[in-house]
S.K.: 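Please read through the structure below; I'll follow up with questions.
None of the values given here were measured: they were computed from a predicted structure. Ligands are counted one by one from 1 in listed order, and the atoms in each one are counted from 1 as well.
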Amino acid sequence: MADDRHYDVIIIGTGAGGGTLAHRLAPSGKQVLLLERGDYLPRERDNWSSTAVFVHGKYRAPEFWYDANGDEFPPEVNYYVGGNTKFYGAALFRLRPQDFGEIRHHGGISPAWPIDYSDLEPWYGQAEHLYAVHGRHGEDPTEGPSSTQYAHPPVAHEPRIERLSQDLEKQGLHPFHLPIGVLLTQDLNGRATHDSPCIRCDRVDGFPCLVNAKADAQVMCVDPALRHDNVSMVTRAHVTRLETDPSGRTVTAVVTELGDGTTARFSADVVVVACGAVNSAVLLLRSASDAHPNGLANGSDAVGRHYMRHNNLAMMGVSEEPNDTRFQKTLALNDWYSGSPDWDYPLGGIQMLGKSDAEQIRANAPHWAGRVSPEMPFTELARHAVDFWLCGEDLPEPHNRVTLDADGGIHLAIDEKNNVEGLKRLRHELEHRLGDLGMKEQHLLHHSIYMHKGMPIGATAHQAGTVRFGSDPASSALDVNCRAHEVDNLYVVDTSFFPSIGAVNPSLTAIANALRVGDHLIERLG
Ligand SMILES: Cc1cc2nc3c(=O)[nH]c(=O)nc-3n(C[C@H](O)[C@H](O)[C@H](O)COP(=O)(O)OP(=O)(O)OC[C@H]3O[C@@H](n4cnc5c(N)ncnc54)[C@H](O)[C@@H]3O)c2cc1C
Ligand code: SF4
């Protein structure tokens, strides 16, 4: 089947990168087609069920990838309109200015980007406004300058987290309000007002929002973009291959398997890949041809390499007093982002996780929980839990990579010891303070949001780096505008373009960059 229409722009994937780009292009009047392999996420009570979401993985992509030994594992990916942002915690951080330069880590070098913080800064501000980020610039001593303030005040701490913040300050640390994208209006006490879409519940991290009050790519970008007549979308449209003209310089067809089992071919002046870092690399590798024998736009051999996903771990403190917090994701701490008094290398950042419940603890740590407090039922343990997430930078090693086997199976090779020393030290910094913060026990929780028990390779939530941008076509696949060096009308705008990942959550940078590339495309298309 061939689609007779020729579009100005086809965007493949509707997550943080693709969905945001569609929103930027929509008012231009250009004919834009979104191709999304998933469907709309069903709205149902299970959206907020720990059992459905974490224990049964109801919304996960039902597929397996293979590790370096050829063993299969279920990746943490979700194929829906809005992509992984339907599930994200909406912690929307800017990279630090130094993250754009070369940084020496204990495990090696984090390379410089071809653009500076100041180049992206205007789009960071636009991204924060577009995704309704609540926060206050100026609180986090490690952040870069911002030309715009957040459009919304920080989400107020609930009493236990307010006390934690004060206790951290007493220790000379600099906790700040975590920047988070939610459609929340608060009254003077921080409670959701009667007309606030967000109800400040305990499901903010890892669950889709049943009431569409999380600032995800579907709610904030795709749905508004589709209100423009010039923007359309085909769901259950899995793009399997990009074809070029004989010279290899122009993509001429976007080959797509549709939900009814038929194959369609779409064409456009500009084709944008935004399938998520692993699947974008997969699509380019699957599009190998005589003109591009190693995969489309892969003369540099960079496509699929330099995979990053953050070194991260979830840690649970068991507070002496009950922790009745519902919306816990309001506090972060970057005091050890670039180093500590006895360590010259970066450690990373700390932020609160969504509040864990008994079901999540039972599913993730039954033996552990039983050992710690045999007398404490899971519900009681959950009531006292204070949940932290620690994030360190992993480095873009060429051997950490995505490849395909002869049957098209997806292989992911990673070195799990990649620059982990900083994260270990970050954990010790936090652990040795928790006692003074009124938490008698501290335990690692292999939290299903970010880690998989015994299978950390499956923690693909923060995947990035597989189609890096750069100024040298010999070592990067994309130029500074995220256009393929070797293909005139091909762009990539998801987290694939990151040359390094820093130690903050990646989405805001992908969103800001999609806005930047969108402005470039508007100029290019006239
Ligand atoms: C549980 C969880 C919590 C997270 N929390 C945070 C957080 O608090 N802050 C943060 O910054 N980040 C967070 N992240 C990460 C964040 O979700 C991702 O960084 C972000 O969504 C990446 O955007 P993207 O555009 O690169 O890819 P995605 O959002 O994954 O979008 C890719 C899209 O492409 C579609 N697609 C894939 N292949 C094809 C194909 N061949 N044809 C057609 N369509 C295709 C997919 O269905 C999907 O819609 C979290 C992720 C998870 C899973
Ligand atoms: S806290 Fe708000 S945004 Fe998050 S799940 Fe609850 S209602 Fe939705």
S.K.: Within the side chain of R309, is there an N or O that forms a donor-acceptor pair under 3.5 Å with the backbone of A464?
M.R.: no

S.K.: Can you list everything that forms a side chain to side chain donor-acceptor pair (under 3.5 Å) with S50? Sequence neighbours excluded, please.
M.R.: R203, D357, Q360

S.K.: Counting both backbone and side chain atoms, is some N or O of G89 under 3.5 Å from an N or O of ligand 1?
M.R.: yes

S.K.: Hey, looking at atom 21 (O) of ligand 1, which of V273, T235, T85, V204 has the closest heavy atom?
M.R.: T85

S.K.: For T14, counting its heavy atoms only, list the atoms of ligand 1 lying under 4.0 Å from any of them.
M.R.: 33 (C), 49 (O)

S.K.: Check whether any side-chain N or O of Y124 sits under 3.5 Å from a backbone N or O of T148 as a donor-acceptor pair, and report yes or no.
M.R.: no

S.K.: Within ligand 1, which atoms have a heavy atom of I12 less than 4.0 Å away?
M.R.: 42 (N), 43 (C)

S.K.: At a cut-off of 2.8 Å, list the protein N/O/S atoms near atom 6 (Fe) of ligand 2, residue plus atom name.
M.R.: C201 SG

S.K.: Compute the minimum heavy-atom distance from Y80 to ligand 1 and say whether it is under 4.0 Å.
M.R.: yes

S.K.: Taking D46's backbone N and O only, do any of them form a donor-acceptor pair with E44's side chain (distance below 3.5 Å, no angle check)?
M.R.: no

S.K.: If I apply the N/O under 3.5 Å rule, does L508 come out as touching ligand 1?
M.R.: no

S.K.: Is T256 reaching over with its side chain to a backbone N or O of A237, donor-acceptor style, under 3.5 angstrom?
M.R.: no

S.K.: Of all the atoms in ligand 1, which lie at a distance below 4.0 Å from a heavy atom belonging to L35?
M.R.: 43 (C), 44 (N)

S.K.: For A237, state whether at least one heavy atom is located under 4.0 Å from any atom of ligand 1.
M.R.: yes

S.K.: Looking only at heavy atoms of A510, does any of them come nearer than 4.0 Å to an atom of ligand 1?
M.R.: no

S.K.: As a check for students: among D216, T460, N84, identify the option with a heavy atom nearest to atom 29 (O) of ligand 1.
M.R.: N84

S.K.: Is there any N or O on G17 that sits under 3.5 Å from an N or O of ligand 1?
M.R.: yes

S.K.: Who's closest to atom 33 (C) of ligand 1 heavy-atom-wise, of P179, A274, G18?
M.R.: A274

S.K.: At less than 4.0 angstrom from any non-hydrogen atom of N505, what atoms of ligand 1 do you find?
M.R.: 7 (C), 8 (O), 9 (N), 10 (C), 11 (O)

S.K.: At a 4.0 Å threshold, what atoms of ligand 1 neighbour a non-hydrogen atom of T495?
M.R.: 22 (C), 26 (O)

S.K.: Looking only at distances, please establish whether an N/O atom of ligand 1 is found under 3.5 Å from an N/O atom of D205.
M.R.: no

S.K.: What atoms of ligand 1 come closer than 4.0 angstrom to any heavy atom of G276?
M.R.: 26 (O), 27 (O), 32 (C)

S.K.: Contact between ligand 1 and P506 is defined here as a heavy atom of the residue under 4.0 Å from a ligand atom; is it met?
M.R.: yes

S.K.: Is atom CZ of R236 surrounded by more than 12 heavy atoms (other residues, nucleotides or ligands) closer than 6.0 Å?
M.R.: no

S.K.: Any chance you could lay out the side chain to side chain donor-acceptor pair (under 3.5 Å) test for Q328 and D202, step after step, and finish with the verdict?
M.R.: CA-CA 7 Å; Q328 185 173 249; D202 61 353; over 6 Å; no

S.K.: Do any N/O atoms on E76 end up under 3.5 angstrom from N/O atoms on ligand 1?
M.R.: no

S.K.: Just checking, is any N or O donor in the side chain of D494 or S280 under 3.5 Å from an acceptor N or O on the other one?
M.R.: yes

S.K.: Please could you name the atoms of ligand 1 that F87 approaches to less than 4.0 Å, counting only its heavy atoms?
M.R.: 1 (C), 2 (C), 3 (C)

S.K.: For the residue pair H520 and Y491, does the interplanar ring angle fall in the parallel (under 30°), tilted (30 to 60°) or perpendicular (over 60°) class?
M.R.: tilted

S.K.: Does E393 reach the main-chain N or O of S110 with its side chain, forming a donor-acceptor pair under 3.5 Å?
M.R.: no

S.K.: Pair H6, F266 - check ring-ring contact (aromatic ring centres under 6.0 Å, His included), show working.
M.R.: CA-CA 7 Å; H6 180 81; F266 299 94; over 10 Å; no

S.K.: Can any side-chain N or O of D216 pair as donor or acceptor with the backbone N or O of K86 at less than 3.5 Å?
M.R.: no

S.K.: Between H177 and H134, is a ring-ring contact (aromatic ring centres under 6.0 Å, His included) present by the stated rule, with each step listed?
M.R.: CA-CA 9 Å; H177 287 93; H134 290 55; over 10 Å; no

S.K.: Taking only heavy atoms of G83, which atoms of ligand 1 are found under 4.0 Å from at least one of them?
M.R.: 29 (O), 31 (O), 48 (C), 49 (O)

S.K.: One pair to check against salt bridge (Lys or Arg N to Asp or Glu O under 4.0 Å): R160 and D324. What are the steps and the verdict?
M.R.: CA-CA 7 Å; R160 180 66 186 90; D324 292 324; over 6 Å; no

S.K.: So, does S287 use its side chain to make a donor-acceptor pair with the main chain of L283 at under 3.5 Å?
M.R.: yes

S.K.: So, regarding V239 and ligand 1 (criterion: nitrogen or oxygen to nitrogen or oxygen, under 3.5 Å), is there a contact or not?
M.R.: yes

S.K.: Taking a cutoff of less than 4.0 Å between a non-hydrogen atom of the residue and any ligand atom, is L283 in contact with ligand 1?
M.R.: no

S.K.: Aromatic rings Y150 and H137: how do their planes relate, parallel, tilted or perpendicular, breaks at 30° and 60°?
M.R.: parallel

S.K.: Among W389, Y88, Y307, which one satisfies ring-ring contact (aromatic ring centres under 6.0 Å, His included) with H462?
M.R.: W389

S.K.: Could an N or O of ligand 1 be found under 3.5 Å from any N or O of D494, whether backbone or side chain?
M.R.: no

S.K.: Look at the side chain of N323 and the backbone N and O of A385, then say whether any donor-acceptor pair between them is shorter than 3.5 Å.
M.R.: yes

S.K.: Measure Q463 to ligand 1 on non-hydrogen atoms and call it side chain, backbone, both or neither using the 4.0 Å cut-off.
M.R.: neither

S.K.: Would you say the side-chain atoms of D8 pair up with the backbone N or O of V32, donor to acceptor, closer than 3.5 Å?
M.R.: no

S.K.: What part of S280 sits under 4.0 Å from ligand 1 if we count only heavy atoms: the side chain, the backbone, both or neither?
M.R.: neither

S.K.: State whether the shortest distance between N or O atoms of G82 and N or O atoms of ligand 1 falls below 3.5 angstrom.
M.R.: no

